[in-house]
> 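Let me give you the structure first, and then I'll get to my questions.
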Number of protein chains: 2
Amino acid sequence: MTMVRNTRQRQAVLQALRTTRTHPDAAWIHQEVRRELPSLSLGTVYRTLDALVRDGVAVTIERAGQATRYDFRRDDHHHHAVCRTCGAIFDIEVQELPNLPRTLLPGGFQVSDVRLEVHGVCVACQNKPNH
Amino acid sequence: MTMVRNTRQRQAVLQALRTTRTHPDAAWIHQEVRRELPSLSLGTVYRTLDALVRDGVAVTIERAGQATRYDFRRDDHHHHAVCRTCGAIFDIEVQELPNLPRTLLPGGFQVSDVRLEVHGVCVACQNKPNH
DNA sequence: CTACTTGCAAAGATTTTGCACCTCA
DNA sequence: TGAGGTGCAAAATCTTTGCAAGTAG
């Protein structure tokens, strides 16, 4: 039986993720946790974050060619708006989703995460020169 | 004023995307279109797909470390269920979304795409040995 | 003890980009 | 003709992985 250990590295990564609202990526978390645990490797950060996602403790916002952003999963029903120009991520509250898709899913599909992502361009980027 | 040209390459990429329901990635489209246009480069496929996405003609399903999958945007309101084990993508019909988020978005956010993504494990993968 | 975890570095994979050469309009 | 587009190959990123050494339980 496989056993999950509670290492210092995992505690620290979880702690870092939990105490920020900035939807950080792996590199940011790596830098952050390194202030306390200088030997922490980026590989371990990735492995830990993967585990957190598998366990439903964290969710991801993924964009091709961009670093995956991680978000600690809180009990609120929030989703994300993503600026496709600068990559900024905004939290948006959406209560109505939960019961929508179930009946329409392919038979037997085991749901672990329902994401609503609004993609577009944020105000700041609309006001930039070449938009 | 910038001018968009209607090249053979772009026609072929759009055609390939339009006539499949398999949510292909850039490499698949590249291979496919090459049967007609052997000189087509993968770089051009990426550039063309990017343009289609920017114009709202195609949408993407993006996963970290996996090739981006592209979907021709039809008039129906369909979204996607994504198996996190094998990467299979299933279409799901969802009608109720459109009017949800507007008021909750960050001020002035210009929406180009609202995606509902259901992530989980498909039946086939649940029945695999080491699940 | 010993199975799991880490650090390190290299490998993998995807996507982007610079540049010289084409080509659509 | 000329602003865009293409092909090619290299570069840039991000993420995963193999392995020897460390460590939680």
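So that the names make sense, note that chain A is the first sequence line, chain B the second, and so on, each numbered from 1.
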> Only one of B:R69, B:R115, B:H23 clears side chain to side chain donor-acceptor pair (under 3.5 Å) with B:T60; which?
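Among B:R69, B:R115, B:H23, the one that satisfies the side chain to side chain donor-acceptor pair (under 3.5 Å) with B:T60 is B:R115.
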> Rounding to a whole Å, what distance do you find between B:W28:CH2 and C:dT15:P?
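The distance from CH2 of B:W28 to P of C:dT15 comes to 16 Å, rounded to the nearest Å.
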> Specify the residue among B:T68 and A:P38 whose closest nucleotide of DNA chain C lies further upstream toward the 5′ end.
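Nearest-nucleotide comparison on DNA chain C picks A:P38.
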> Flag the pair A:L14 / A:F72 as yes when at least one side-chain heavy-atom distance between them is below 4.5 Å, and no otherwise.
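A side-chain contact under 4.5 Å exists here.
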> Specify the angle, to 10°, made by the local axes at the two ends of the helix from C:dC1-D:dG25 to C:dA25-D:dT1 when five pairs are taken at each end.
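For the helix from C:dC1-D:dG25 to C:dA25-D:dT1, the axes at either end differ by 50°.
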> Side-chain N or O of A:S41 less than 4.0 angstrom from OP1 or OP2 on C:dT6?
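A:S41 to C:dT6 OP1/OP2: no side-chain N or O under 4.0 Å.
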> State, yes or no, whether a side-chain contact exists between A:Y46 and A:T44 at a heavy-atom distance under 4.5 Å.
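The answer is no, as the side chains (C-beta and beyond) never meet within the 4.5 Å cut-off.
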> Considering only D:dC14, C:dG7, C:dT16, which nucleotide approaches the side chain of B:Y46 most closely?
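Selected nucleotide (nearest to the side chain): C:dT16.
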> How many whole angstroms separate atom CD of A:E62 from atom C1' of D:dT13?
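So the CD-C1' distance, A:E62 to D:dT13, works out to 16 Å.
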> Identify which nucleotide among C:dG7, D:dT15, D:dG5 has an atom closest to any side-chain atom of B:A64, counting heavy atoms from C-beta outward.
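Output: D:dT15.
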> Please determine whether any donor N or O and acceptor N or O are separated by less than 3.5 Å between the side chain of B:R47 and the base of D:dG4.
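Checked by distance alone, the answer is no.
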> Of all the nucleotides listed (C:dT6, D:dG5, D:dT6), which has the minimum atom distance to the side chain of A:R10?
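Between C:dT6, D:dG5, D:dT6, the one nearest the side chain of A:R10 would be C:dT6.
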> In whole angstrom, give the distance that lies between atom CZ of A:R63 and atom P of C:dA13.
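About 24 Å, once rounded to whole Å.
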> May I ask you to decide if B:C122's main-chain N or O and B:R84's side chain share a donor-acceptor pair within less than 3.5 Å?
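Here the side-chain-to-backbone pair does not exist.
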> Could you state the atom-to-atom distance from CD of B:Q31 to P of C:dT14 in whole Å?
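Result: 12 Å.
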> So what does A:N6 touch, heavy atoms closer than 4.0 Å: a base, only the sugar-phosphate, or nothing?
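Sugar-phosphate, no base atom in range.
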> Of the options C:dT16, C:dT5, D:dT15, whose atoms approach the side-chain atoms of A:V4 most closely?
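For A:V4, the side-chain atoms sit closest to C:dT5.
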> Can you measure B:R54 atom CZ to C:dT15 atom C1' for me and round it to whole angstrom units?
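Atom CZ in B:R54 sits about 14 Å away from atom C1' in C:dT15.
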> Return yes if a side-chain donor-acceptor contact under 3.5 Å exists between B:H79 and B:D91, otherwise no.
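Absent: no donor and acceptor within the cut-off.
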> When you match A:L42 and B:Y70 each to their closest nucleotide on DNA chain C, which lands nearer the 5' end?
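Counting from the 5' end, the first nearest nucleotide belongs to A:L42.
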> Is any side-chain heavy atom of A:V118 closer than 4.5 Å to a side-chain heavy atom of B:F109?
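A side-chain contact exists here, since the closest heavy-atom pair is under 4.5 Å.
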> Please state whether the base of D:dG5 and the side chain of B:R5 form at least one donor-acceptor pair under 3.5 Å?
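No, the side chain and the base share no sub-3.5 Å donor-acceptor pair.
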> May I ask you to decide if A:H119's main-chain N or O and B:S112's side chain share a donor-acceptor pair within less than 3.5 Å?
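Yes: the side chain of B:S112 pairs with the backbone of A:H119.
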> Quick one: which of D:dT6, D:dC8, C:dG7 gets closest to the side chain of B:T7?
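So the side chain of B:T7 is nearest to D:dT6.
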> To the nearest Å, give me how far apart CG (B:D25) and C1' (C:dT16) are.
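After rounding, the gap between these two atoms is 16 Å.
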> Provide, to the nearest angstrom, the distance between the CZ atom belonging to B:R8 and the P atom belonging to C:dC22.
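That distance rounds to 15 Å.
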> Does any N or O in the side chain of B:E62 come within less than 3.5 Å of the main-chain N or O of A:A64, such that one atom is a donor and the other an acceptor?
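Flag set: sc B:E62 to bb A:A64 pair under 3.5 Å.
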> Select one nucleotide: of D:dG2, D:dT6, C:dC4, the one nearest the side-chain heavy atoms of B:Q9.
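The nucleotide sitting nearest to the side chain is D:dT6.
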> Looking at the side chain of B:T44, which of D:dT6, C:dG7, D:dT16 is the nearest nucleotide?
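Per side-chain heavy atoms of B:T44, the pick is D:dT6.
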> Using whole Å, what does the distance between atom C1' of nucleotide C:dC8 and atom CG of A:L37 come to?
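The answer, rounded to whole Å, is 16 Å.
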